[in-house]
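To keep things clear, I will list the structure first and then write my remarks on it.
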Amino acid sequence: MAKKKRDTVKVLLADQPREGVLVQGWVRTRRDSKGGFSFIEVNDGSCLKNIQIIAEHKLDSFKYWNKPLTTGSCVSVHGNLVASEGKGQSVEVQAVSIEVHGSADPETYPLQKKFHSLEYLREISHLRPRTNTIGAVMRVRNRLAYSVHRFFNDRGFLYLNTPIITTSDCEGAGEMFQVTTLDMTNPPKNDGKIDYSEDFFGKQTSLTVSGQLEAEIYAMALSLVYTFGPTFRAENSNTSRHLAEFWMIEPEMAFYDLDDNMDLAQEFLQFLFNDVLEHCTGDLEFFNQRIDKHLLETLNQVVSHDFERLPYSEAIHLLEKTSQKFEYSVEWGCNLQAEHERYLAEKVFKKPVIIYNYPETIKPFYMKLNEDGETVRAMDVLLPKLGEIIGGSQREDDYDTLMKRIKQKELDPEEYGWYLDLRKYGSAPHSGFGLGFERLVQFTTGVENIRDVIPFPRTPKHAGF
RNA sequence: UCCGGAGUGGCUCAAUGGUAGAGCAGUCGGCUGUUAACCGACGGGUUACAAGUUCGAAUCUUGUCUCCGGAGCCA
């Protein structure tokens, strides 16, 4: 007999009564009735909801006396989908046979049928996907990833894989993880320094902090490209918005100026939120109920209004004249602090804000210098509550200006020979931005700590699995 | 890394110098087309760790570790 195909809970719950269904999943809870049957709630991850199994104790193949059918057990249930006699669900499965694949000892199984804090779940991160919250987060995360690819492919962008092991340092700053096969207890040395010519690649290598510079190479040939991959920062950041390993999306577009870049950023974010609102309704309603009471309101607000666009100078002016007290004072030339960004997005405009044309002194060398010689065509997209989600710019496409900026920032032009070549031969105006995928998931789900929106979070002193 | 807060049964929390408790979970029993089921009983803690103050410390002091919130860095 051919293997019976599994019916997902998601499909069954929307289905009409019919015979011969197979449910396979994990038991969330079981309620016994002395009327001679049990109610078993099974979840298979296909959706937030469980399906209710009615299991009569007289069933010959009701094997739960062989292995205890407890919360956390994994089961296969053959049966019939029937209209439910109880309230709370329209259909349920009348079991014909139940097989317990793996039981779970209720005395030690860490997930009880009760509320658990996300902090506690982090301690049992191999079991937390079996909870409503983490399951819902991962479904939304998946949908967002799918939409990212769809958005760009629909618009003629090519998905580009930039190197994970790299020898280039995107900004001449930012701590990087070193990649080496040298014996750390006894590395080869030359003049007292570690001799990397004997290392695997014959030179010092690191994990990438950004694929942007490499993406520019391909944008200068294929016009529209995007990366979507893991990124690594060895910063000792201990916050609810930072990870040492995170996923970043970086589109890079030839012939886009800063305005085009901002247009794309807004269209991109609104597309993603709209798509999730449409396709992850159940999960979002759950978040709206349990995590953030204003989540749906916020998302709907963001997709239905244009983002505010504010030059840096005007932002400074606005912050200077407000009566709002800040911990950090504001003056032209300084970096905007988190409190300033939040004030603008939450208090002044009450929607996403794009700040652009930052002072060149506080931005990296590759951003295009404006005619004023003081500002660069940079832009940051700030979301209410979350803060910065996107950072981007029009890139400097003039060879001489770029060379000047590299020297100004005390970087070595030789290291950037290939990057300068892109301006030397067939240079084109181009722009791009980077979006932190986990921050996107945070904003979409309302989950406050970034460690709860990635399956295996890596933070300082933490790398399980 | 800096600032602040917190570590008490499996989980969420009480007890603020004087006998460590509750709810949930678990076990047992009862009841029930139940649905975060309900009712009753029972078991379960070297109060993160180390040192100190005190007649007496979960409580006060110091150090260490861990977690949470905020800041910086950024995405």
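Below, chain A is the first sequence line, B the second, and so on; all start at residue 1.
Sequence order on RNA chain B of the closest nucleotides to Leu243(A) and Gln337(A) puts Gln337(A) first from the 5' end.
Separating the P atom of U8(B) from that of C13(B) is a span of 9 Å, rounded to the nearest Å. Between G5(B) and U61(B), the distance separating the two P atoms is 11 Å to the nearest Å. Straight-line distance between the C1' atoms of C60(B) and G23(B): roughly 30 Å, to the nearest whole Å. A gap of 25 Å separates the C1' atoms of C55(B) and G45(B), to the nearest Å. Spacing of C1' atoms, G10(B) relative to U53(B), comes out at 35 Å, to the nearest Å. The same atom, C1', is picked in G56(B) and in U16(B); the two are 15 Å apart, to the nearest Å. Between C24(B) and A14(B), the distance separating the two C1' atoms is 14 Å to the nearest Å. One P atom belongs to A48(B), the other to U12(B), and the distance between them is 14 Å to the nearest Å.
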For this session: Step by step, work out the ring pair (Phe, Tyr, Trp, His ring centres under 6.0 Å) result for Phe151(A) and Phe268(A).
Result: CA-CA 7 Å; Phe151(A) 177 86; Phe268(A) 181 45; 4.9 Å; yes
Exercise. Going through the distances and angles, do Glu448(A) and Lys385(A) end up as a salt bridge (Lys or Arg N to Asp or Glu O under 4.0 Å)?
Worked result: CA-CA 10 Å; Glu448(A) 287 186 352; Lys385(A) 280 190 180 168; over 6 Å; no
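Using a 4.0 Å heavy-atom cutoff across all strands shown, Tyr328(A) reaches sugar-phosphate atoms only and no base atom. No contact: Ile249(A) has no heavy atom under 4.0 Å from any strand.
Taking 4.0 angstrom as the limit, Thr239(A) places none of its side-chain polar atoms (N or O) nearer than this to OP1 or OP2 of A71(B).
Shown here for Thr231(A) and Val209(A), the closest heavy-atom pair between the two residues is CG2-O, 3.0 Å.
Under 4.0 Å is where a charged nitrogen must lie from a carboxylate oxygen, and between Asp380(A) and Lys363(A) at least one such pair does.
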Each nucleotide N or O in nucleotides 36-47 of chain B that has a protein N or O under 3.5 Å away: list the pair and distance.
{"from": "A37(B)", "atom 1": "OP2", "to": "Arg31(A)", "atom 2": "NH1", "distance (Å)": "3.0"}

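Within the 3.5 Å criterion, the main-chain N or O of Trp247(A) finds a donor-acceptor partner in the side chain of Glu438(A). The backbone N or O of Gly432(A) lies less than 3.5 Å from no partner atom in the side chain of Glu250(A), so there is not a single donor-acceptor pair.
To the nearest angstrom, P of A75(B) lies 16 Å from CZ of Phe232(A).
Side chains of Tyr366(A) and Gln212(A): a donor-acceptor N/O pair is present below 3.5 angstrom, by distance only.
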